[in-house]
Amino acid sequence: MRHQITHRIQHLARLGNWHYSAGGDHLEGSDEACRLLGLPAGAILHPRKLAERIHPQDQPALQTAWRELMNDKHFAVELRVRDGESWRWLYISGEAVDADLQVIGFVQDINARKQRELELGAQAQQLALAMTASGEGLWDWNLATQQVSHNAQWCRLLGLDPSHLSHATDFFIHLIHPHDRPAVQARIGTCLQDKGSYVSEHRLRHHDGHYVWVLDRGDVVERDEAGTVLRMVGSLSDISQRRAADEELRIAASVFDAQEGMLIVGADQRILRANRAFGEISGYNGPDLAGQSPLLLRTGKYDMDFYNGIWEAVASSGSWQGELWIKHQQGRFIPVWMTGSAIWDDGGTISHYIVTLSDLSQYKAAEREIHRLAFYDPLTGLPNRRLLLERIEHALLTHQRSGNEGALLFIDLDNFKPLNDSYGHEMGDRLLKEVAERLGQRLRQDDTIARLGGDEFVVLLENLDSEPAKAASQTEHVAEILSDLLAQPYHLDSHTHHCTGSIGIALFSDAAGRADELLRQADLAMYQAKTAGRNALRFYDQAMQTAVQQRLTQEHALREAIAAQQFVLHYQKQVDNNGAATGYEALLRWKHPQRGLIAPGYFIALAEETGLIIPLGRWVLEQACQQLARWSKEEDCAHLRLAVNISPLQFQQDDFVDTVIAILQQSGATPERLELELTESLLLSDIAHAADKMHRLRKHGVLFSLDDFGTGYSSLSYLKHLPLNQLKIDKSFVDDITHSTSADAIVRTIIALAHSLELNVIAEGVETAQQRDFLLANGCKHHQGYLYEKPAPLS
Ligand SMILES: Nc1nc2c(ncn2[C@@H]2O[C@H](COP(=O)(O)O[C@H]3[C@@H](O)[C@H](n4cnc5c(=O)[nH]c(N)nc54)O[C@@H]3COP(=O)(O)O)[C@@H](O)[C@H]2O)c(=O)[nH]1
């Protein structure tokens with residue numbers, strides 16, 4: 001029973017055991033061993049007989065096995081044993097178990113495995129043969145040993161010398177282009193995991209350094225029982241040419257698919273193909289265009305000679321390019337940049353034309369926008385200074401040719417700043433737009449209205465009468481119309497604004513053909529209109545020019561004088577009815593190095609206009625306060641007041657009060673001895689602000705005298721509200737005392753008014769004893785004038 005079980009197991013495993021005894025020189029095997037060796041069960045066999053059953057090709061292996069047994073007491077061999085008409089692959093292994101060469105061993109049927117190996121080997125060989133025939137490189141990768149072998153073609157493909165080739169897997173992996181390597185490794189990984197094959201197009205580094213595009217295919221040909229891949233074989237072919245061709249096609253396709261519109265036109269001047277971009281530009285799609293003439297896109301802007309000229313240029317020189325208009329499928333015109341090129345065949349005949357188009361619409365729009373920004377005022381849309389100057393230049397040339405006069409009107413809005421300051425820039429902008437519209441309504445088509453910036457507008461009138469006097473009259477007429485227009489109320493939301501314009505006019509014939517000169521003259525005339533009281537017209541004339549020139553020279557000199565500290569103060573005594581000094585008035589003098597002492601009448605107005613009165617007035621105050629401080633230390637002088645003239649601009653400075661207080665403090669002067677002389681006009685321009693400033697200074701003790709009294713405005717109601725100490729009767733009335741009854745009456749009235757307001761009253765310009773007596777007789781006890789003392793430096 002046990003024997004039967006053993007036999008059954010051996011049969012299932014196709015594995016039998018055997019025993020050899022050297023003494024008997026015979027071989028005995030189990031039933032399965034006998035079956036595998038092709039012997040009847042229980043056969044006892046001489047080893048030589050067994051050797052005869054071995055395949056002749058395996059005899060050497062058998063002998064080797066025998067030698068191993070003799071030497072190592074062990075052997076193992078794979079060989080074929082006759083099995084009827086065929087051969088069976090067996091694995092035989094034996095081991096000597098004692099010195100008498102008792103050998104035991106087993107025999108196993110490996111026929112199925114060997115058959116499979118042989119088949120695979122044959123397949124691989126066939127494949128190799130086929131590949132060699134196809135010129136492909138072959139590789140064989142043993143994953144267990146990480147060795148790769150190749151055929152000669154593989155080496156040739158990469159310029160490698162087979163005799164110096166490394167077979168390590170890493171070597172081959174590093175031949176792959178670094179960019180392609182991760183993808184190739186991923187494909188091989190997937191193949192090893194499950195797919196069993198891969199195909200990859202990638203670059204391998206040739207021995208000379210360049211990269212070769214290859215098509216690499218790999219197949220798993222052997223796995224172990226667990227499914228792990230043991231071996232892969234594959235092929236490699238050079239696809240560089242195909243890749244280059246693909247690349248060219250791709251580039252060609254991308255060029256054809258570019259942003260530029262492209263047409264391929266046949267030699268018969270009929271469209272063959274159009275790309276997508278062309279469709280987008282023209283509105284036509286490809287099929288609509290096929291077979292059509294490119295003249296389908298003509299606009300009518302050009303005649304046929306123009307189009308024929310393009311074909312001829314392309315045919316003769318090979319290309320033409322230029323800007324032209326095409327007609328969109330929907331009828332609108334589009335500016336394009338067109339290039340036409342001819343393609344010749346090998347025989348030198350034109351086979352095709354390539355036409356490319358770029359849409360210039362956006363570029364043109366940008367160009368228009370740049371032009372608009374460069375030449376037009378963004379707020380009103382009117383021409384700006386640059387365009388105005390161009391137009392003036394052009395108009396001056398026309399004037400020189402035709403003799404017709406022209407004129408430039410420089411308009412500056414009055415009262416614009418207060419609107420801007422009080423209601424904000426948005427309101428100011430609305431007014432400026434309204435002004436632009438009003439001016440545009442009344443002017444002719446060929447007249448130019450420009451905005452120079454701020455509230456300055458310029459009107460250019462052309463084609464006036466050739467006679468300058470008549471032209472001036474025509475211009476004046478237009479200017480009056482414009483002036484009336486501007487003076488109409490402006491309804492800005494709920495606010496109604498009143499605004500006028502000061503207009504300066506210059507005629508072309510005065511400008512010596514120069515645009516900038518004409519503009520300057522009109523500007524100058526406008527300035528005159530402004531100073532004449534606003535809402536006025538002024539024509540430019542040469543005297544005006546001379547005056548301006550002089551003014552500029554004086555301004556320059558005045559600036560230099562301030563910098564060089566060429567000013568001094570003279571002092572004029574003020575006396576009471578006993579002739580005793582109550583104080584002095586500080587009067588400014590310019591000690592000119594060449595011209596000697598210059599009176600303030602020459603430079604105060606200019607200093608006021610140019611703003612130089614601010615530093616100058618400050619200097620006077622500082623000097624006066626330092627003098628007061630010195631007097632305060634002298635017993636005879638400590639009671640004296642010092643009057644200082646304050647100009648309107650100086651008083652209007654926001655920091656005027658602080659400045660005076662600071663100067664008083666720095667100098668150590670007594671505020672109650674400082675008397676500021678203000679004029680009526682200064683106070684009336686903004687009475688509320690003026691009163692506020694005066695009150696603040698009055699609180700510090702500063703005194704105020706109202707200068708030139710009687711020459712200003714008749715409204716006297718304001719006097720009650722101001723912290724005044726004194727009224728000063730203007731010299732013009734004092735001059736006429738005893739000569740003019742009206743002057744006498746005015747002086748008496750002023751004195752009475754001062755008394756009723758409980759103000760001190762002083763008369764200036766007292767030169768004679770009669771004047772003195774009249775003043776004293778009428779209650780004016782304080783006097784100042786040459787009768788007592790002329791202004792002079794303090795001794
Ligand atoms: N803002 C400032 N204005 C100043 C300053 N200094 C002077 N001034 C103003 O200049 C005006 C002219 O001044 P001036 O030439 O000095 O003339 C003064 C006197 O010299 C002159 N005067 C006085 N008495 C007589 C006289 O009997 N006869 C005569 N012919 N002239 C006389 O009057 C001028 C004084 O004027 P007033 O100021 O109105 O008292 C002058 O009006 C000043 O306003 C300065 O520092 N800052």
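In each ligand, atom 1 is the first atom listed, and ligand 1 is the first ligand listed.
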>> Tell me every residue that passes side-chain hydrogen bond (donor to acceptor under 3.5 Å, both in side chains) with E789, counting only those two or more places apart in sequence or in another chain.
In response: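 E789 satisfies side-chain hydrogen bond (donor to acceptor under 3.5 Å, both in side chains) with no residue once adjacent residues are dropped.
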
>> Under 3.5 Å, is there a donor on one side chain and an acceptor on the other for Q770 and T738?
In response: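 No - no donor-acceptor pair under 3.5 Å links their side chains.
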
>> The criterion is ring-ring contact (aromatic ring centres under 6.0 Å, His included); which residues satisfy it with H592, sequence neighbours excluded?
In response: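 Testing H592 for ring-ring contact (aromatic ring centres under 6.0 Å, His included), a comparison that skips the adjacent residues, returns W590.
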
> What residues, two or more places apart in sequence or in another chain, satisfy ring-ring contact (aromatic ring centres under 6.0 Å, His included) together with Y786?
Replying inline: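 ring-ring contact (aromatic ring centres under 6.0 Å, His included) check on Y786 returns nothing, list empty.
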
>> Could you check whether R430 pairs with D493 (Lys NZ or Arg NE/NH1/NH2 to Asp/Glu carboxylate O, under 4.0 Å)?
In response: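 Salt bridge present between R430 and D493.
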
> Which parts of the protein, at residue level, reach under 4.0 Å of ligand 1 through a heavy atom?
Replying inline: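 Those residues closer than 4.0 Å to ligand 1 by some heavy atom are Q572, E585, L587, L588, R589, P600, I604, V620, N645, S647, E677, D707, D708, K728, K731, E764, G765, V766, E767, G785, Y786, P791.
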
> Are the aromatic ring centres of Y423 and H495 under 6.0 angstrom apart?
Replying inline: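 Centroid separation for Y423 and H495: below 6.0 Å.
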
